[in-house]
Structure formats: C-alpha cells, structure tokens
Amino acid sequence: MRYATKVAAVVAAASLGLAACGSSNSGNTTSPGASGGSTGTGGSLKIGMAYDVGGRGDQSFNDAAAAGLDKAKTELGADVKEASAVNGESESARKERLQQLIDAGYNNIVAVGFAYAKAVGDTAKANPEVKFAIVDDASPDSAGPNVDQITFAEEQGSFLVGAAAALKTKTNHVGFIGGVQTDLIKKFEKGFEAGVKAVKPDVKIDVKYLTQPPDFSGFNSVDKGKAAADGMYQSGADVVYHAAGGSGGGVFTAAKAAGKMAIGVDSDQAKTAPADVRDVIITSMIKKVDVGVFDFITSVKNNTFKAGNKIFDLKAGGVDYSTTGGHIDDIKSKLDEYKQKIISGEITVPKS
C-alpha cells in the first residue's frame, strides 16, 4: 500500500545509507548485486527506486515494485540503486532521498507510494532532465512534464476478493482491515464491500483502520494487524481482507491461530507470506505494481516516455485476484463472471 516515513536528522547519515548497504539510523537502504542495488556497470539505463515504509521484503506493496525493478535489471540490463523510507520521516527527508539517487547518477527515478507526491513534484521541477515515476499518486503535487503517475483501479480487484469472501464465508460475517485511513485505502474498502454485497447483501462487514494520518505506522505494524484481526475473528468473522502493507502479516497470524481465512493484497501473498501461514490465505487482490514499474522503465529505454496519469485497471491487467493454493477453484467461474461484467462496464465499482 503506501506508507509514510521517518528519517535521519543529518544528510551525512542519509548519504551513508545510499552509499553502503543500508542504515537503520538514516532510513535509507541499498542492496548490491542480485538483490537489486547498484550494479556498478555504468550502463546507460540507470534506475533509482525509493521505496515506501517496509522497503524490499515487505511481502506486499514494495515487493511488487521490486519485482518490476528486478525484471528490468534482468531483461533490459538496467543498472539500479534502491533506498527505503522509515515511519514518520519529514518531507525534506523524502526529497533528500530522491536527490541523492539523482546525484549518484541514477537519472530515472521510481518513487513507491503516495507519500512521495510532493517530494517528486518538487524534485522533478528542480531536475527537469530526470524522468520520474510515482506509484499511487495522480495529484497536482506530483504532476509535471517529466513525471509518470502510475495508479491502479484497486476498487475493481477488491470487488473480486469481496465476492470471494462472500462466497466462502460460513458465518455471513467478514472483515476489512486498512492500514491507514486515506482516500486510497478507502478504495480497497469500498470495492471489497461492493463485492461482498453483490453476492450476499446480508453479510456483516467489520471495518477497522489501524491508524489515522499523519500516523502511517498502520502500514508496518504486525502487532496492530494481529490485534485488529483477532478482534474480528473473535466477534464471528471468518474471512478478513487486509489492505495494510506489512501489518498484514499479523492478520495472517491471527487467522492461523483462529482457524479462519484471510485475503492478501498487492502481491500473491500465498506465495510471499511465511510458509506456516500461507494455507489460510484463500486469495489475494493482486495489484500489479511490477507491471506499472516495468512499463515506465521500458518507456525510458525505448524513448517513448510520456508524462501524466496511467491507470492500470482490470481491462489493462493492472489488478486481479490470485488462485494459489486452490482455495477458490470452486468459485473461480463465478468470480470471472463478475470480472467480465466490470470490464464490460455492466458493473461500475464505487471508489468511495
């Protein structure tokens, strides 16, 4: 999802985070070689990626972005460098992170998450020769002639997993956990609710947000995710969908302990979550951030870059649902019917 951040007080520490293998004090991390850090090859296609809170390894949103970067490295020969944010950081820290990537010679920048909106807008204006992509923001804050604004129809994918939840619940009681109550995460919630109600209008839906802005820790708190899910399962819900980034790990732990079901987000989490909880994840709403990231990098390589907002919806293959584990094989045909109705326009999914 998208998560705001905390950073170092000093530029020197932040610089160290980019130059070395990472610093928990600075909030910046890089990883060399196969893990996606600077290749040192001096190649002309140089991509800098600034992750949101949780960074590479969050098993969700950031990892989806990382997959697109890794593909570009493998298939396009990109020379890449990565940096990550931490919770609660200042706006200046985000700007500094982007500028450090540019100063290191990485003249095509991907910012992962709406928290970078103003930082991208300001840094893009200051560096008109650099091309930028931002994931999950299409606001005036980030807009510019050198900025690709990558967004997704999260509500459409969430509708499908909502339908899956309604088809799978045995208690007629399901839940939604959002990391932080923002307009973006409300799209996940409203899409999920619409999908549930399309199948079974009488199903009870619990909704819980872990934090409110400006506290973005709800995207990276396993404990908060577990506590919220525990409460829902104890109150009778048997399927819980999370749109909470790294906090989703706690949802899966709670589902395992309760013998209930969970739904993942962004990545196919039945493949990325710890092995001991994968069997409780009946599906995930896949948000193909990797597709958006790779599309941007390809456009840079092919000199076909275009600024503006690109929306990756169901029709464009930007969102979908997963089938790993076989838990929803029996309802797949029904979900695909809903999918086609959304693509055709027969069903319009609410965003708010």
Quiz item: Do Lys118 and Asp141 meet the salt-bridge criterion of a basic N to acidic O distance under 4.0 Å?
Solution: no
Quiz item: Honestly curious: do Phe216 and Val251 fall in one hydrophobic cluster under the side-chain, below-4.5 Å linking rule?
Solution: no
Self-check item: Option from Lys287, Lys186, Lys187 for which salt bridge (Lys or Arg N to Asp or Glu O under 4.0 Å) with Glu155 holds
Solution: Lys187
Exercise. Heavy atoms only: give me the nearest Glu82-Arg56 pair and the separation to one decimal.
Key: OE1-NE, 3.0 Å
Quiz prompt | Phe294 six-ring centre to Lys71 NZ/CZ under 6.0 Å and within 45° of normal | solution = yes
Quiz item: To the nearest 0.5 Å, what is the distance between CG (Asp215) and CD (Gln181)?
Solution: 12.5 Å
Quiz item: Should the ring pair Phe252 and His242 be called parallel, tilted or perpendicular, given that the plane angle runs from 0 to 90° and is split at 30 and 60?
Solution: perpendicular
Quiz item: Shared ILVMFWY cluster between Leu314 and Val161, side chains joined below 4.5 angstrom?
Solution: yes
Quiz item: So, does Asn108 use its side chain to make a donor-acceptor pair with the main chain of Lys46 at under 3.5 Å?
Solution: yes
Quiz item: NZ of Lys197: more than 12 outside heavy atoms within 6.0 angstrom?
Solution: yes
Practice problem: Return the minimal non-hydrogen interatomic distance between Gly218 and Leu210, and the atom names on each side. | Solution: O-CD1, 3.4 Å
Exercise. Run the salt-bridge test on Asp276 and Lys256 with the 4.0 Å N-O cut-off and return the result as yes or no.
Key: no
Quiz item: Which is it for Lys168 and Asp238 under the salt bridge (charged side-chain N to carboxylate O under 4.0 Å, His left out) test, yes or no, and what are the steps along the way?
Solution: CA-CA 9 Å; Lys168 283 296 181 179; Asp238 61 350; over 6 Å; no
Quiz item: For the residue pair Phe132 and Ala124, what are the closest heavy atoms and their distance?
Solution: CE1-CA, 3.4 Å
Exercise. Would you confirm whether the ring centroid of Tyr338 sits within less than 6.0 angstrom of the ring centroid of Phe159?
Key: yes
Quiz item: If you take all heavy atoms of Ala273 and Val277, which pair is closest and at what distance?
Solution: CB-CG2, 4.0 Å
Quiz item: Within the distance-only criterion (no hydrogens, no angle test), does the side chain of Ser247 pair as donor or acceptor with the backbone N or O of Gly179 below 3.5 angstrom?
Solution: no
Quiz item: Among Phe114, Phe312, Phe188, Phe61, which residue meets the ring-ring contact (aromatic ring centres under 6.0 Å, His included) test with Phe152?
Solution: Phe312
Practice problem: Give me the one residue out of Val135, Ile297, Val293, Asn62 that meets side chain to side chain contact (heavy atoms under 4.5 Å, CB included) with Met49. | Solution: Val293
Exercise. Say whether Val280 and Val240 are linked into one hydrophobic cluster, either directly or through other cluster members, by side-chain heavy-atom distances under 4.5 angstrom.
Key: no
Quiz item: Do NZ/NE/NH1/NH2 and the carboxylate oxygens of Asp320 and Lys339 come within less than 4.0 Å?
Solution: yes
Quiz item: Which residue, Gln340, Lys341, Glu346, forms the side chain to side chain contact (heavy atoms under 4.5 Å, CB included) with Ile343?
Solution: Gln340
Practice problem: Is it possible for you to say whether Ile263 and Val207 belong to one hydrophobic cluster, with membership spreading through side-chain heavy-atom contacts below 4.5 Å? | Solution: yes
Exercise. May I ask you to check whether Ser139 and Asp137 show a side-chain donor-acceptor distance below 3.5 Å?
Key: yes
Exercise. First locate atom OG1 of Thr283, then atom CG of Asp268, and finally report the distance between them rounded to the nearest 0.5 Å.
Key: 7.5 Å
